[in-house]
Amino acid sequence: MKKTPIVLLLTAVIFILSACSSGDTAIDNINEPNKDSTSDQIYPAQNDDALEESGNVNGMRFALTLEEFTDEYNEIIEKIGGEYLETDKWTVTGEPDSDTNGVELEYYYYDCEKYNFTATVEAESEKLVNVGCGTAMSVFVSQNEDENYSDVILERCAAMAAAACGFPSSSIEALQDIFYRTTFEDAQSLWYQGCIYSLSTDEDSKNSDNSTMLFRVFPVTEEKKQDWNIMDYETYIASASADSNSVTSG
């Protein structure tokens, strides 16, 4: 997978996951999950109050506190199905620190059975800077009866993004498509309506079962987006469609 280094706010991430399968778990060898969304299903509107300007290094933050995000996430899960989050089960990880702009940050972790959530919060405003959903590659490639965990985890990531970004549950398919493309295609990060959607991996060369994946969403200023050369989701899928049509016609 192509990897593009980007200077971003770092999230303190602790993966407490057990591998549920063995064998070759390189991302390039993951079977394509059943994807509900298609390239033309783009949700066109965002809650105007979902993002706020901030003095942090990204220049933006979410308008939600961690507790408010949890409530929004659970409202979406109630509609699409899945495991609810409990506010009191978020755990602080490590000590607070400050970014290069001097904004103090706190880091949180929420452990689920097959995946986990992370969150970075501004200490003073108590607003979210970024949220993430992590898992082990061995979990991502596994199946439970007729269900691919890759489908489940990408849907949870979409619900996470919808909750943080102020999208309704009807946007899940499009948001899942964004995370799908950061996983299986040549775009590790994509920008969509004020936020960057990204995948980072930490590969264990000694035991691939211990390799981890972290999907994140976080708002940035237009200037940061340009500085980091992050492609728009709409532009990316238009280009992918054009390339596909070119190959077909050729």
Side-chain angles (χ1 to χ4, degrees), residues 1-9 27 30 32-54 58-64 72-73 76 80 128-133 150-151 153-201 213-250:
M1 173 177 291
K2 179 179 178 182
K3 296 187 176 181
T4 305
I6 303 174
V7 180
L8 303 172
L9 283 172
I27 286 184
I30 295 175
E32 180 175 340
N34 296 323
K35 186 176 55 161
D36 295 325
S37 53
T38 60
S39 61
D40 59 352
Q41 293 174 316
I42 304 173
Y43 188 73
Q46 176 183 314
N47 182 345
D48 291 336
D49 299 325
L51 310 180
E52 297 178 346
E53 294 184 355
S54 172
N58 286 347
M60 299 293 292
R61 66 189 180 209
F62 291 115
L64 299 176
E72 293 292 330
Y73 178 86
I76 293 172
I80 68 173
L128 285 171
V129 175
N130 63 61
V131 289
C133 181
S150 56
D151 291 337
I153 290 167
L154 289 175
E155 186 181 65
R156 298 297 176 270
C157 292
M160 169 192 75
C165 299
F167 293 113
S169 58
S170 58
S171 68
I172 293 298
E173 289 183 353
L175 299 176
Q176 184 172 339
D177 187 58
I178 297 176
F179 280 119
Y180 171 87
R181 292 174 187 273
T182 66
T183 309
F184 295 99
E185 298 182 9
D186 204 25
Q188 192 175 359
S189 297
L190 291 169
W191 183 93
Y192 181 57
Q193 295 197 29
C195 293
I196 292 177
Y197 295 72
S198 71
L199 167 66
S200 58
T201 60
M213 311 167 68
L214 178 65
F215 299 89
R216 288 195 301 160
V217 59
F218 51 95
V220 297
T221 61
E222 181 69 23
E223 180 182 6
K224 291 293 185 183
K225 174 210 168 189
Q226 298 297 333
D227 288 345
W228 296 334
N229 195 29
I230 306 298
M231 183 177 290
D232 293 359
Y233 171 57
E234 294 93 332
T235 302
Y236 179 82
I237 60 175
S239 175
S241 297
D243 289 344
S244 177
N245 291 336
S246 175
V247 171
T248 302
S249 61

Legend entry - Interatomic spacing from CG in Asp232 to CG in Leu190 - rounded to 0.5 Å: 9.0 Å

Inset, instruction - Indicate the atoms forming the closest heavy-atom contact of Asn58 with Lys224, along with that distance. - result: O-CG, 3.9 Å

Legend entry - Criterion side-chain contact (heavy atoms from CB on, under 4.5 Å) on Tyr192 and Leu175, from CA distance to verdict: CA-CA 9 Å; Tyr192 181 57; Leu175 299 176; 4.2 Å; yes

Legend entry - Residues forming a ring pair (Phe, Tyr, Trp, His ring centres under 6.0 Å) with Phe179, sequence neighbours excluded: Tyr197, Phe215

Inset, instruction - Could you pull out the closest heavy-atom pair between Thr221 and Met60, with the gap in Å? - result: N-CG, 3.6 Å

Inset, instruction - Go through Trp191 and Glu222 one step at a time and tell me if the side-chain contact (heavy atoms from CB on, under 4.5 Å) criterion holds. - result: CA-CA 10 Å; Trp191 183 93; Glu222 181 69 23; 4.1 Å; yes

Inset, instruction - Nearest 0.5 Å please: distance from the OG1 atom of Thr182 over to the CG atom of Asp177. - result: 10.0 Å

Legend entry - Chi angles and distances behind the side-chain contact (heavy atoms from CB on, under 4.5 Å) call for Phe167, Glu72: CA-CA 10 Å; Phe167 293 113; Glu72 293 292 330; over 6 Å; no

Inset, instruction - Using a 4.5 Å cut-off on heavy atoms from C-beta on, say whether the side chain of Leu51 contacts that of Cys195. - result: yes

Legend entry - Nearest-0.5 Å distance that lies between atom CD1 in Ile230 and atom OH in Tyr236: 13.0 Å

Legend entry - Shortest non-hydrogen contact between Ala162 and Pro168, atoms and distance: CB-O, 4.3 Å

Legend entry - Side-chain heavy-atom pair Lys225, Ile196 within 4.5 angstrom cut-off: no

Legend entry - Point-to-point distance, once rounded to the nearest 0.5 Å, from CE of Met160 to SG of Cys133: 6.0 Å

Inset, instruction - Would you give the length of the straight line joining atom CZ of Phe62 to atom CG of Leu128, rounded to the nearest 0.5 angstrom? - result: 7.0 Å

Inset, instruction - Taking all heavy atoms of Ala163 and all of Ile76, pick out the closest pair and write down the distance. - result: N-CD1, 3.5 Å

Inset, instruction - Look up atom CD1 in Ile80 and atom CD in Glu173, then write down how far apart they are to the nearest 0.5 Å. - result: 10.5 Å

Legend entry - Where Gln176 and Ala158 come nearest, the two heavy atoms and their spacing: N-CB, 3.6 Å

Inset, instruction - Decide side-chain contact (heavy atoms from CB on, under 4.5 Å) for Thr183 and Met213; before the verdict, give the C-alpha distance in whole Å, the side-chain angles of both, and the deciding distance to 0.1 Å. - result: CA-CA 9 Å; Thr183 309; Met213 311 167 68; 4.1 Å; yes

Inset, instruction - Locate the shortest heavy-atom distance separating Ala50 from Cys165; write the atom from each residue and the value. - result: CB-O, 3.1 Å

